[in-house]
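Structure provided below as structure tokens; questions to follow.
Here the structure is a predicted model, which means the values were calculated and not measured.
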Amino acid sequence: MPTTYLDFEKPIAELETKIAELESLAQTGDGPPISDELKKLKDKAAKQLKDTYSSLTPWRKTQVARHPERPHFSDYVEHLLDDFQELAGDRVYGNDEAVIGGLATFRGRSVVVMGHEKGRNTESRLRHNFGMAHPEGYRKAVRLMDLADKFSLPVLTFVDTAGAFPGKAGEERGQAEAIARSTERCLTLTVPNVALIIGEGGSGGAIAIAAANKVLMMEHSIYSVISPEGCASILYRDAAKARDAAEAMKITSDDLLKLKVIDAVVKEPVGGAHRDPQRAVSQAGKAIEKALGELDGLSAAELKRQRRERFYAIGREGLN
């Protein structure tokens, strides 16, 4: 059971709390046999969980994408990659821990890997700036992509950010230019690159490392040009209308697959990736391996052409 329940999960939380109490009672051996009651409650909880997650609204998906127990980039590194060697710094200003990257082995193949890290507790969240990168984070990404090109290594990116850091310090150090350079470097790579949206994919902070040959998305993640709260503040002059904005923005994996903004959806365990992180990461690994396999054998020119045509095609369907 997760330790944090979202507001719409309260009926599930009540059932699972009752199950935990009965299981604890059963272990003590006190009282009458309760195995039949336990089974009924477990079946009811499983059905409630499945029904709830089979019809999540965009706003509820936003809440799931932000769940504090959802697998983070560090979890994907730990369970999906071997021999990870972090490479720090942008060789210009400093090291931004909101974006972590380096060299690793993925299923026997050497790769360059990078991703946003939000952090788990207060200390690590502050250290990683809640996954919101400064310019040096995106300049680090460019440096890593240059390395991938030089040694002909595929690039894997894991996106989980509400957006690039919007503060004064980022603007002073050239945030917009750094995002543009990183996006450009993604598009000009001569090696395969696969991006996976693992939680939030927010604005230019996400696309800066997600302009890939194949863009995959976890089932309950979100991907958008702005957060629902930011959109509501601009359009409705009221951040409290984030729920309405989420409905209108088409930010879910199902919507974005139909719009061809992404290439594939990675199914999550029932109840979200936070209920079974290792299984979710394993499913993601299979999807990444498949995507890389589809790019094998393409020349540098073909990879660049495929990437260009992929992004040019977004939004064209139905115009002619």
Side-chain angles (χ1 to χ4, degrees), residues 1-76 78-80 118-122 125 158 160 162 196-201 216-223 228-229 242-244 246-247 251-257 264-287:
M1 297 192 312
T3 58
T4 302
Y5 287 92
L6 302 170
D7 57 2
F8 65 86
E9 294 180 309
K10 286 180 182 177
I12 300 167
E14 292 171 1
L15 284 170
E16 293 186 336
T17 299
K18 183 65 175 177
I19 289 168
E21 291 173 354
L22 289 176
E23 286 180 331
S24 178
L25 183 63
Q27 288 176 359
T28 64
D30 298 330
I34 54 175
S35 58
D36 289 343
E37 181 67 19
L38 257 178
K39 184 178 184 306
K40 289 178 182 177
L41 278 177
K42 286 183 177 180
D43 289 345
K44 185 176 180 181
K47 184 178 186 304
Q48 180 81 49
L49 185 68
K50 183 177 180 180
D51 290 346
T52 299
Y53 272 79
S54 65
S55 57
L56 291 179
T57 64
W59 178 242
R60 287 183 174 181
K61 288 221 175 198
T62 301
Q63 293 176 282
V64 176
R66 296 170 175 171
H67 197 288
E69 293 163 36
R70 192 172 179 83
H72 288 194
F73 174 62
S74 56
D75 299 305
Y76 285 84
E78 180 180 357
H79 298 293
L80 205 57
K118 287 185 171 181
R120 287 265 176 222
N121 51 35
T122 301
R125 285 170 184 161
F158 296 80
D160 190 14
L196 174 66
I197 316 298
I198 61 175
E200 287 186 272
L216 316 178
M217 193 169 171
M218 298 301 291
E219 181 182 6
H220 300 309
S221 56
I222 60 171
Y223 192 25
E229 294 89 343
R243 185 189 306 268
D244 297 330
E247 294 282 349
I251 61 176
T252 69
S253 57
D254 288 341
D255 284 331
L256 294 170
L257 185 63
V265 176
V266 181
K267 288 291 184 182
E268 297 185 22
V270 176
H274 57 279
R275 282 189 169 260
D276 193 345
Q278 289 196 21
R279 185 179 168 198
V281 171
S282 176
Q283 290 293 100
K286 293 175 183 176

Please report the closest heavy-atom contact between Ala65 and Ser221, naming both atoms and the distance.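 Between these two residues, the closest heavy atoms are CB-CA, 3.9 Å.
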
Distance, nearest 0.5 Å, that separates CG of Leu22 from CG of Leu38: 5.0 Å

Can you tell if the side chain of Met217 reaches within under 4.5 Å of the side chain of Val266, non-hydrogen atoms only? no

Please name the residue in the list Ile251, Val64, Ile197 that meets the side chain to side chain contact (heavy atoms under 4.5 Å, CB included) test with Ile222. Ile251

If you take all heavy atoms of Met218 and Ala284, which pair is closest and at what distance?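 For Met218 and Ala284, the tightest heavy-atom pair comes out as SD-CB, 4.0 Å.
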
Validation row: Ile198, Tyr76 side chains within 4.5 angstrom (heavy atoms):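 Answer yes - side chains close enough.
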
Is it the case that the side chain of Glu229 and the backbone of Ala242 share a donor-acceptor pair, with hydrogens and angles ignored and the cut-off at 3.5 Å?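 No; judged by distance alone, with no hydrogens or angles, the pair does not exist.
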
Shortest non-hydrogen contact between Ala45 and Glu16, atoms and distance: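 Minimum heavy-atom contact is CB-CG, 4.5 Å.
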
Can you list the steps and then say if Phe158 with Leu80 is a side-chain contact (heavy atoms from CB on, under 4.5 Å)? CA-CA 12 Å; Phe158 296 80; Leu80 205 57; 4.3 Å; yes

Main-chain N/O of Lys50 paired to Ser54 side chain as donor or acceptor, under 3.5 Å: yes

Checking Thr17 side chain against Ala13 main chain: does a donor-acceptor pair fall under 3.5 Å? yes

List in chain and number order the residues that pass side chain to side chain donor-acceptor pair (under 3.5 Å) with Arg60, two or more places apart in sequence or in another chain; answer none if no residue qualifies. none

Derivation and outcome, salt bridge (Lys or Arg N to Asp or Glu O under 4.0 Å), residues Arg120 and Asp75: CA-CA 11 Å; Arg120 287 265 176 222; Asp75 299 305; 2.5 Å; yes

Please confirm whether the ring centroid of Tyr53 lies under 6.0 Å from the ring centroid of His220. yes

Can you give me the closest heavy-atom contact between Ser253 and Lys61, atom names plus distance? OG-NZ, 4.2 Å

How many angstroms lie between atom NE2 of His274 and atom CZ of Arg66, to the nearest 0.5 angstrom? 15.0 Å

Using a distance-only test with no angle check, is there a side-chain donor-acceptor pair under 3.5 angstrom linking Thr4 and Glu69?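 Side-chain D/A pair, Thr4 to Glu69: present.
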
Give the C-alpha distance, both sets of side-chain angles, the deciding distance and a yes or no for side-chain contact (heavy atoms from CB on, under 4.5 Å) between Lys44 and Leu15. CA-CA 8 Å; Lys44 185 176 180 181; Leu15 284 170; 4.0 Å; yes

When rounded to the nearest 0.5 Å, the distance separating OG of Ser282 from NE2 of His79 is 11.0 Å

Please examine the side chains of Arg275 and Leu49, heavy atoms only from C-beta on, and report whether any two atoms are closer than 4.5 Å.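 SC-SC contact between Leu49 and Arg275 confirmed.
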
Could you tell me whether Glu247 atom CD has more than 12 heavy atoms of other residues or ligands within 6.0 Å of it?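 Check passes, neighbour count above 12.
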
Report, as yes or no, whether the 6.0 Å neighbourhood of atom CZ on Arg243 holds more than 12 heavy atoms from other residues, nucleotides or ligands. no

Looking only at atom types and distance, does a side-chain atom of Asp276 sit under 3.5 Å from a main-chain N or O of Pro269, one as donor and one as acceptor?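 A pair under 3.5 Å: no.
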
Locate the shortest heavy-atom distance separating Ala246 from Thr62; write the atom from each residue and the value.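 So the minimum-distance heavy-atom pair works out to CB-OG1, 4.4 Å.
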
Does the pair Lys47 and Asp43 meet the rule for a salt bridge (Lys or Arg N to Asp or Glu O under 4.0 Å), with working shown? CA-CA 6 Å; Lys47 184 178 186 304; Asp43 289 345; over 6 Å; no

Determine, step by step, whether Arg279 and Glu268 satisfy the salt bridge (Lys or Arg N to Asp or Glu O under 4.0 Å) criterion, reporting the C-alpha distance in whole Å, the side-chain angles of both residues, the deciding distance to 0.1 Å, and the verdict. CA-CA 8 Å; Arg279 185 179 168 198; Glu268 297 185 22; over 6 Å; no

When you compare the side chains of Gln63 and Asp7, does any donor N or O come within less than 3.5 Å of an acceptor on the partner?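 Looking only at side-chain atoms, Asp7 and Gln63 do form a donor-acceptor pair, the distance falling under 3.5 Å.
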
Is any side-chain heavy atom of Leu56 closer than 4.5 Å to one of Phe8?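 Yes. Closest side-chain heavy atoms under 4.5 Å.
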
